[in-house]
Amino acid sequence: MTLSDAVAHLSPHRWARANRLLIRKALAEFAHERLITPEEDGGQYVVRSDDGLTNYRFTATRRALDHWQVDAESITRHRNGSQLPLAALDFFIELQKSLGLSEDILPVYLEEISSTLSGTCYKLTKPDITAAELARGDFQAIETGMTEGHPCFVANNGRLGFGIHEYLSYAPETASPVRLVWLAAHRSRAAFTAGVGIEYESFLREELGAETVERFHGVLREQDLDPADYLLIPVHPWQWWNKLSVTFAAEVARRHLVCLGEGDDEYLAQQSIRTFFNRTSPEKHYVKTALSVINMGFMRGLSAAYMEATPAINDWLAQLIEGDPVLRSTGLSIIRERAAVGYRHLEYEQATDRYSPYRKMLAALWRESPVPSLQEGESLATMASLVHVDHQGASVAGALIEQSGLTPTEWLRRYLQAYFTPLLHSFYAYDLVFMPHGENVILVLKDGVVQRAIYKDIAEEIAVMDPDAVLPPTVERLRVEVPDDKKLLSIFTDVFDCFFRFLAANLATEDILEEDDFWRTVADVTRAYQESKPELADRFKQYDMFAPEFALSCLNRLQLRNNEQMVDLSDPSGALQLVGNLRNPIAQF
């Protein structure tokens with residue numbers, strides 16, 4: 001590739017398109033989070049810059065949950081009576097005070113916006129695949145076909161740390177096959193933990209193949225090192241080149257770490273960017289790696305200390321699901337994180353607290369593949385795909401409804417029973433909450449109909465909010481203290497505001513399903529669940545799904561305030577940015 005080939009996607013017309021799409025999203029989501037207050041003016045809305053001299057005019061449909069469906073083509077920018085081109089970087093500078101961007105955060109946030117725009121330009125070079133084609137595509141075609149990233153976050157593809165050649169090699173949308181780098185880590189500083197029935201040697205041979213393991217052992221023996229003294233750790237190639245070979249130089253020099261080379265299997269990066277699907281053998285485990293790039297409000301490292309309890313937490317949850325008749329009846333499953341390995345850099349540990357990115361540079365976990373669980377005729381899709389909209393404005397959810405032959409309401413009901421009912425039951429029966437956004441859920445489909453849901457990203461994302469729950473010692477870290485009045489936000493924010501809001505708006509825009517019918521169906525499924533569990537009536541009263549309103553929890557405000565550490569991990573509920581209330585769209589039903 002030549003130097004100029006690397007940036008061939010950055011053409012003037014694509015840049016203009018990417019800027020228009022990003023400003024559309026910024027206007028919609030910042031209005032939703034009440035950072036800006038569009039004024040009505042002659043059938044249009046107007047947003048003014050901090051100094052009042054620049055204004056943005058657009059048309060929009062207002063929907064439930066204070067959702068702004070902004071028409072991208074309608075947006076214009078004016079100053080002193082003349083029209084100016086749309087430029088996202090200018091937009092954030094013009095509205096810096098309204099958005100609460102500090103002098104320190106602004107340039108770094110602009111860098112994330114630039115990266116997000118560049119990624120959009122790359123996606124615009126790909127062939128136009130319709131939502132209908134994508135809906136019939138295979139699991140990884142859907143995964144790499146996503147164009148939007150998180151529906152709420154405006155700067156959602158920052159990936160600060162990737163150069164352009166690394167973007168082209170490792171971003172999920174480029175669908176470039178990746179071979180992982182393998183290191184041998186001395187057992188004095190490394191630990192391997194695994195779920196019930198998994199033993200290190202045999203597990204590694206299954207994942208890597210006996211020949212590769214032998215080859216790696218040979219590398220150690222050539223240096224007069226004993227393979228029995230080492231554990232093998234898979235590493236993101238970026239992490240090796242940019243972090244470990246430099247930041248962990250002492251470990252390499254002292255042979256606490258030995259680079260063994262690349263494995264033989266080819267992997268594809270997933271939407272979460274640091275998790276890899278095995279393309280060579282799809283039934284083998286996913287591998288999740290540490291990746292010290294900043295993306296969407298966090299450094300995407302992986303903590304060695306956190307890894308130790310990961311398999312036990314997954315076994316505990318799998319057992320809970322297996323033993324619960326309601327969860328079993330919905331078909332819910334999890335893909336367990338079966339094994340984990342972490343390396344402790346003792347000097348960085350002495351110098352930092354437990355949340356420091358320096359403690360999250362070298363660890364990995366293996367997560368089950370959902371592929372072996374499929375029955376005849378079933379296929380897989382990331383749930384994020386439901387809100388994917390193609391270049392003609394058609395959504396994948398709409399395409400699946402058409403493919404299914406069901407009425408939109410019946411299709412929605414089946415999806416909700418598979419995805420939403422388990423969330424309700426986990427909350428009311430166990431005080432257990434997930435982080436069930438589109439990228440953390442895989443849907444099992446048959447003829448366009450959702451058969452069941454698979455939850456993933458378990459150990460890092462689930463929490464038990466009951467202070468009196470009896471938990472095994474290995475699972476104790478899941479317990480979090482959340483004030484009673486904020487507990488239901490785990491459903492109202494994560495499910496209603498951050499996912500259903502977009503799904504409902506898309507289906508209404510396409511004239512597939514009226515918004516009222518969407519929310520009435522959500523209410524019906526909620527009520528049906530509650531009626532099936534009369535013994536939990538007191539809990540339903542205490543935590544009322546049909547309350548007239550709930551607090552608006554703002555995600556962009558977190559990132560605009562601190563784009564490198566959005567939430568204090570030691571007090572997640574204390575970090576929430578709550579701004580007024582939203583009307584609960586199911587209250588009227």
Side-chain angles (χ1 to χ4, degrees), residues 1-26 72-73 75 77 84-94 105-129 140-141 143-150 153-179 181 236-243 245-246 266-274 276 291-297 299-300 388-391 559 563-564:
M1 178 191 299
T2 68
L3 293 172
S4 54
D5 283 346
V7 290
H9 59 292
L10 297 176
S11 68
H13 72 278
R14 283 190 210 109
W15 187 252
R17 183 78 198 143
N19 276 264
R20 179 170 291 278
L21 293 172
L22 189 130
I23 289 174
R24 182 216 68 77
K25 185 173 187 178
E73 308 316 316
I75 305 168
R77 174 184 173 218
L84 298 172
L86 295 181
L89 299 183
D90 288 339
F91 175 87
F92 292 99
I93 292 166
E94 290 162 359
I105 297 290
L106 176 62
V108 198
Y109 189 78
L110 292 181
E111 191 180 352
E112 291 200 74
I113 291 292
S114 299
S115 174
T116 301
L117 290 167
S118 175
T120 302
C121 287
Y122 178 83
K123 292 166 190 168
L124 290 169
T125 67
K126 296 171 81 171
D128 285 337
I129 295 177
Q140 291 307 296
E143 185 76 26
T144 57
M146 297 296 93
T147 53
E148 188 38 66
H150 196 293
F153 284 103
V154 176
N156 64 16
N157 278 311
R159 300 160 182 174
L160 296 189
F162 276 6
I164 186 63
H165 58 294
E166 293 156 333
Y167 170 84
L168 295 170
S169 303
Y170 309 130
E173 60 268 20
T174 65
S176 305
V178 176
R179 291 194 172 174
V181 173
H236 194 297
W238 185 95
Q239 195 75 352
W240 169 250
W241 289 110
N242 293 278
K243 286 291 171 192
S245 56
V246 180
E266 289 190 337
Y267 289 85
L268 283 176
Q270 302 296 282
Q271 284 291 310
S272 64
I273 202 166
R274 57 182 167 158
F276 290 97
L291 183 62
S292 300
V293 302
I294 290 174
N295 196 43
M296 233 170 60
M299 179 75 81
R300 296 289 161 177
H388 171 86
V389 174
D390 69 15
H391 53 290
Q559 192 182 12
N563 66 315
E564 295 183 18

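For clarity, every value in this text was computed on a predicted model and none was experimentally measured. When a residue number appears, it is its place in the shown sequence, counting from 1. Every heavy atom of this structure was used, including side-chain atoms; hydrogens, water molecules and symmetry mates were not.
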Suppose we screen for side-chain hydrogen bond (donor to acceptor under 3.5 Å, both in side chains). Which residues come up paired with H13, at least two apart in sequence or across chains? S11

Nearest 0.5 angstrom please: S114 OG to N157 CG, how far? 12.5 Å

To the nearest 0.5 Å, what is the distance between CG (L86) and CG (L22)? 10.5 Å

For A26, check side chain to side chain contact (heavy atoms under 4.5 Å, CB included) against everything at least two apart and list the hits. F30, F91, F92, V154

With sequence neighbours left out, what residues match E143 under side-chain hydrogen bond (donor to acceptor under 3.5 Å, both in side chains)? none

Residues that D90 engages under salt bridge (charged side-chain N to carboxylate O under 4.0 Å, His left out), provided they are two or more places apart: R77

OG (S115) and CG (N295) are apart, to the nearest 0.5 Å, by 7.5 Å

Criterion side chain to side chain contact (heavy atoms under 4.5 Å, CB included) on T144 and Q270, from CA distance to verdict: CA-CA 7 Å; T144 57; Q270 302 296 282; 6.0 Å; no

Once salt bridge (Lys or Arg N to Asp or Glu O under 4.0 Å) is applied, what residue pairs with a partner in residues 162-177 remain, sequence neighbours excluded? R159-E173

Kindly compute the distance separating CG (L110) from CD1 (I105), expressed to the nearest 0.5 Å. 11.0 Å

At what distance, to the nearest 0.5 angstrom, does CZ of F162 lie from CD1 of I273? 4.0 Å

Who are the side chain to side chain contact (heavy atoms under 4.5 Å, CB included) partners of A6, not counting sequence neighbours? M1, I164

Is the backbone N or O of A87 less than 3.5 Å from a side-chain atom of W15, with the two atoms forming a donor-acceptor pair by type? no

Hey, does I129 have a side-chain heavy atom less than 4.5 Å from the side chain of D390? no

For residues 4-24, which residue pairs pass the salt bridge (Lys or Arg N to Asp or Glu O under 4.0 Å) check, not counting sequence neighbours? R17-E73

Would you say R179 and E266 make side-chain contact, with heavy atoms under 4.5 Å? yes

Residues forming a side-chain hydrogen bond (donor to acceptor under 3.5 Å, both in side chains) with Q559, sequence neighbours excluded: none

Does a side-chain heavy-atom distance below 4.5 Å link V178 with F276? yes

Under the side chain to side chain contact (heavy atoms under 4.5 Å, CB included) rule, collect the residues that match up with V181, sequence neighbours excluded. L183, V235, P237, W240, C259

Nearest 0.5 Å, please: how far is CG in L21 from OG1 in T116? 12.5 Å

Under the rule for side-chain hydrogen bond (donor to acceptor under 3.5 Å, both in side chains), what residues qualify as partners of T174, not counting sequence neighbours? S176

Contacts satisfying side chain to side chain donor-acceptor pair (under 3.5 Å) that involve residues 118-127 (not counting sequence neighbours) are H9-S118

